[in-house]
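Chain letters run A, B, ... following the sequence lines, proteins first and then strands; every chain starts at 1.
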Protein chains: 4
Amino acid sequence: MSHVAEPVKHARSWTRRKQARPGEILEAALSVFAEKGFAAARMEDIAARAGVTKGTIYLYFQNKEDVFKSLAREIVGNRLASATKQMHDYTGPARELLIRLLQTIDNFLSDRERAMLPKIIIAESGNFPELARFWRAEVIDKALAMVSGTIKRGIERGEFRPVDPEYTAKLCVAPIMLGVIWRNTFSAIDPVSLDNEKFLAMHFDILLKGLAPEGKKP
Amino acid sequence: MSHVAEPVKHARSWTRRKQARPGEILEAALSVFAEKGFAAARMEDIAARAGVTKGTIYLYFQNKEDVFKSLAREIVGNRLASATKQMHDYTGPARELLIRLLQTIDNFLSDRERAMLPKIIIAESGNFPELARFWRAEVIDKALAMVSGTIKRGIERGEFRPVDPEYTAKLCVAPIMLGVIWRNTFSAIDPVSLDNEKFLAMHFDILLKGLAPEGKKP
Amino acid sequence: MSHVAEPVKHARSWTRRKQARPGEILEAALSVFAEKGFAAARMEDIAARAGVTKGTIYLYFQNKEDVFKSLAREIVGNRLASATKQMHDYTGPARELLIRLLQTIDNFLSDRERAMLPKIIIAESGNFPELARFWRAEVIDKALAMVSGTIKRGIERGEFRPVDPEYTAKLCVAPIMLGVIWRNTFSAIDPVSLDNEKFLAMHFDILLKGLAPEGKKP
Amino acid sequence: MSHVAEPVKHARSWTRRKQARPGEILEAALSVFAEKGFAAARMEDIAARAGVTKGTIYLYFQNKEDVFKSLAREIVGNRLASATKQMHDYTGPARELLIRLLQTIDNFLSDRERAMLPKIIIAESGNFPELARFWRAEVIDKALAMVSGTIKRGIERGEFRPVDPEYTAKLCVAPIMLGVIWRNTFSAIDPVSLDNEKFLAMHFDILLKGLAPEGKKP
DNA sequence: TATGAATGAGTCTTCATTCAT
DNA sequence: TATGAATGAAGACTCATTCAT
C-alpha cells in the first residue's frame, strides 16, 4: 500500500490513447499531490507515474494548477449524486439509515483514489482557497446535509433524543474523517495502526447509545 | 581571511539552542508553514514576518528543514509534560477527569500558535516521515495514552461500560481534532462556521451517554 | 519496420523543390516571421495559417530554418530578373527612367507578400548572416546597380549634375525603404500614417530638382 | 566593432555596486537584443555580458520583458529633451539649422549604444506594439516635429520653396535612418560599406538644392 | 500525403543558501 | 549579530521535431 513512484505500465507501450490519457494523468497526479503536496510535486514525477513525459501533460492541461483543480473536480464527480438519491428513497428506521449512510461515506473516502483528497484539501486550503470553497460546498456540505437530515428524521420518529442535527452530523462524521486522515498520515510509518472495521463498529455503538432517547434501550 | 569570525556552528543538526534563538523566527515560520506548506513557504516570507532578513535565519538554523523540524519540536515542548503530571495526581471520578482532559487537549490545540501544527503534520507527513513519527510518538501517543488511561480507570470504577480503551480514546479525540482542522481549513472562507463551545458540549454529552453502563443513568 | 515508406529526403539542404512545395506554407511563414521574427514564430502558427498541421511542413522542409531560408530565396526569385531586363532595353531620358525604376522598386516592395521582407532581413541579420549576405548580393546590390546605372547614364547625358552614382542611388532608394519599413512597423498602431503616393511624388520632386544641372530648370 | 559575447570586466571583480548594476545590465541587454532579437536573446547571455549571473538580473528587473522595456525607455531618456531646447533658441538661417539638426539626429542615432535601437523597434514592433507606440510618440514624432518646424520656418523666411513640411521632414530623415539600419544590418558582412560622412554630405547637397526656391541659387 | 500525439532539449524564473561587509 | 547582493541548482513550461497511423 506504499505509494512509491513506479511508472504504471499500461497494456502496450506505444499505442495512442487520446481518450485515456487525461484520466491516467489525473490519477498519477492524485497520488503525487497527496504524497508531496502541491508545491513539492514535480510535473516530471506526475508524468513518470502516468507513464508519459512532461510535455504530454501540457497537451491536456494548461499548467500544474489546472491539473490540480481538474483533479479535485473530477475525482468527486459522479458517485456523490447517486449516493444522495439512494438515501432519499429509504423508508426504514433512521438508526439503520444513519449507519448505512456513514458506512457509505466511509467507503467513499476509503477508496484508494479518493482517500488522498481530504489530506490535499487540508494541506492546500491556504494556497487554493477556491479549492476549499468548492469542496466545502460540493462535497462536505452535501454529505453533512444527508447525515443531519437523517438525524432530524430520527428525532421526529422518536428514535433519537432531541439534539442539534447539524452539530451532531459533524460528530458522526468526525471519526470517519479522522480515520481517513490517520491512515493517510501514518500508513508509511506504522502500517497496521488502525482496524477500521472495529473502529467504525465502536463508533456506531457509542454513538447510537449516546443518541438514544432517555430511558430507552438503544 | 584569517581574522574573520567563525560562523556559528551549532552542535550538529538536532540540538536545542536555547539561549540565542529568537523565538520570533519559529513563530513566524509556524504561521508561514501553516499557510503555505513546507515547499511553498519562502525563507524571505518567514524572515519578513519575523522582522529580520533572510541571512539572519541562517545564524540560528542550518537550513529550511532545520527551521521546520525545530519548529515541530519546540512548539510542543514544555507544556505537554506538565499536563501529563497534573492528570496523574487526580483522584476524582473518571467522567469528570475525562472531560477535563479532553478540554485540556482542546485548549492545547486551540492555542493560536499550536492550532496550525496538526495541519502541518498532515500535509507534510509524506515529505517528512520522521516528523510524523516524532509527533506520533511524542504527542499523539502520549495524549491518547492519557485518555485511554482515564477510560480504563472509568471502566474499572464502573463509571463506563466495558469498551476498548485505545479505540475509544481515538473516538474521544476525533471531534476535537476535526474541530481544529476544520477551523484551520475553512476559517478563511467562512469565519463563523463552528461554535467550538457548543460543539464540545454536545460531543461530551453524547459521548458520556454512549459510554454509560447499561441501565444506568449517565 | 521494413515496409514503412521512406520519409521524403530532399536533395540535401539547399535545393529548390519546385513541384510539390505548397507555396501556401511559405506565404504563411512569411507573414508569421514578419510578425514575430524568426525565434518567436511557432511552426504551429505557420501551419495553422497555411491550413495544414505541423507535421505537414516537415514533408516539404527540413526544419524551421529551412523554411525561413527557402522563404527568403523563393519570394524574391523570379520577378527581379524580369524587372532588370526591362530596364536595359529602355532608351528614353534618364530622368523618366529613374522615376520609373524607383516606382518599380516601390511596387516590388509594396506587394503585400514582399513588404515584410526588409523587416525580416533587418531583424534577423544577426541570427542569419548568410541571409543578409544573400539578400545584399541578390537583391539590394542588383537593385542599386540598376539605379546607379541609370544615374550614371543621366550624368553622361547631361540630365543630372555630376554626383557619385552609388551613393546617390542609395539616397534615391532610402525614402522608399523607409516607407516600407514605416508602414510595416507602425501600421498596427496608426493605420493611416503615410500617404505613399504623395510621399513618393514629393521625393521625386525634390530629388530631381536636387539632381538638376546648375542653371538648368529640371 | 563586432559584438562578440565577451563579459565586460569591471574594475574589481567582487565589490558590490548596487547602483551600477541595472545600468550595466541594460547595456548588456541592448547589445544582446540587438544581435538576436527579443525572443532569441537568452537571459544568461545578457547576464554573462554584464558580468553577473542569471539570478542577479531578477534582482533589478521583473522579467525579460521588463528588461526590454526598461531598455527602450532608459536609453533615449535625457538627451532628446536637451536637443529640443537647443533648436528653439536658434535664430540663424533655416538651412543651416536644418543641417545642424539632421546632423544631431545622425549623431544621436550613431552613438554605439543607441544605434541598435531602431533595429530593435523595427524587429519587435509586432511583438511589442506598446513599444512601437512609445517610440513613435516619444522619439520619432518629436524628432520629426523639430525637423518639420525648421522646414516651415525656412519656407516662411523664403529660404525653401513651399513644400509639405511633414512629408519633407520624413524625406530629410530617411537617409539617416537608412544609414543607421544599413550599418547595423550589414556591418558584420562587409565592414566598410558606407562612408557616413560622405553619404550625409551628398544627402544635404541634393536636399538643399531640391528645396531651393525656383530661380534661386541655393 | 497528412495527421497530431508524444517527446525532450532549451529557457525563463524562483528561491534556498552563501558571504563580504 | 545582521544585512542583502549575488549565486546557481531546480523546476515549470514551450515548442521544434519525430513517428505511428
May I have the distance from [X] (atom [atom1]) to [N] (atom [atom2]), rounded to whole angstrom?
| X | N | atom1 | atom2 | value |
| --- | --- | --- | --- | --- |
| E65(D) | dT11(E) | CD | C1' | 16 Å |
| D66(A) | dC13(F) | CG | C1' | 13 Å |
| E24(A) | dA6(E) | CD | C1' | 13 Å |

For T56(D) and dT7(F), is the shortest distance between a side-chain N/O and OP1 or OP2 below 4.0 Å?
yes
Below 4.0 Å: OP1/OP2 of dT17(F) and any side-chain N or O of Y58(C):
yes
Would you check if the side chain of K69(A) reaches a backbone N or O of K64(A) as a donor-acceptor pair within less than 3.5 Å?
no
Quick check: does any side chain N or O of T56(D) sit under 3.5 Å from a backbone N or O of V52(D), one acting as donor and the other as acceptor?
no
Secondary structure of DNA chain F per the Watson-Crick/G-U criterion (both distances under 3.5 Å; [ ] crossing, | other strand, . unpaired) is .||||||||||||||||||||
Per N63(A) side chain, nearest of listed nucleotides dA5(E), dC13(F), dA6(F):
dC13(F)
Closest listed nucleotide, where the reference is the side chain of Y60(C) and the choices are dG4(E), dA2(E), dT13(E):
dA2(E)
Pair E130(C) + R133(C), salt bridge at N-O below 4.0 Å:
no
Side-chain polar contacts of residues 30-37 of chain B - donor-acceptor pairs under 3.5 angstrom, sequence neighbours left out - could you list them?
residue : atom : partner : partner atom : Å
S31(B)  : OG   : A28(B)  : O            : 3.1
S31(B)  : OG   : R49(B)  : NH1          : 3.0
E35(B)  : OE2  : R49(B)  : NH1          : 3.2

Would F128(A) and I121(A) satisfy side-chain contact (heavy atoms from CB on, under 4.5 Å), going step by step from the backbone distance to the final call?
CA-CA 9 Å; F128(A) 297 93; I121(A) 307 298; over 6 Å; no
Write down the protein N/O and nucleotide N/O pairs, taken from nucleotides 9-11 of chain F, whose separation is under 3.5 Å; answer none if there are no such pairs.
residue : atom : partner : partner atom : Å
dG11(F) : OP2  : R42(A)  : NE           : 3.3

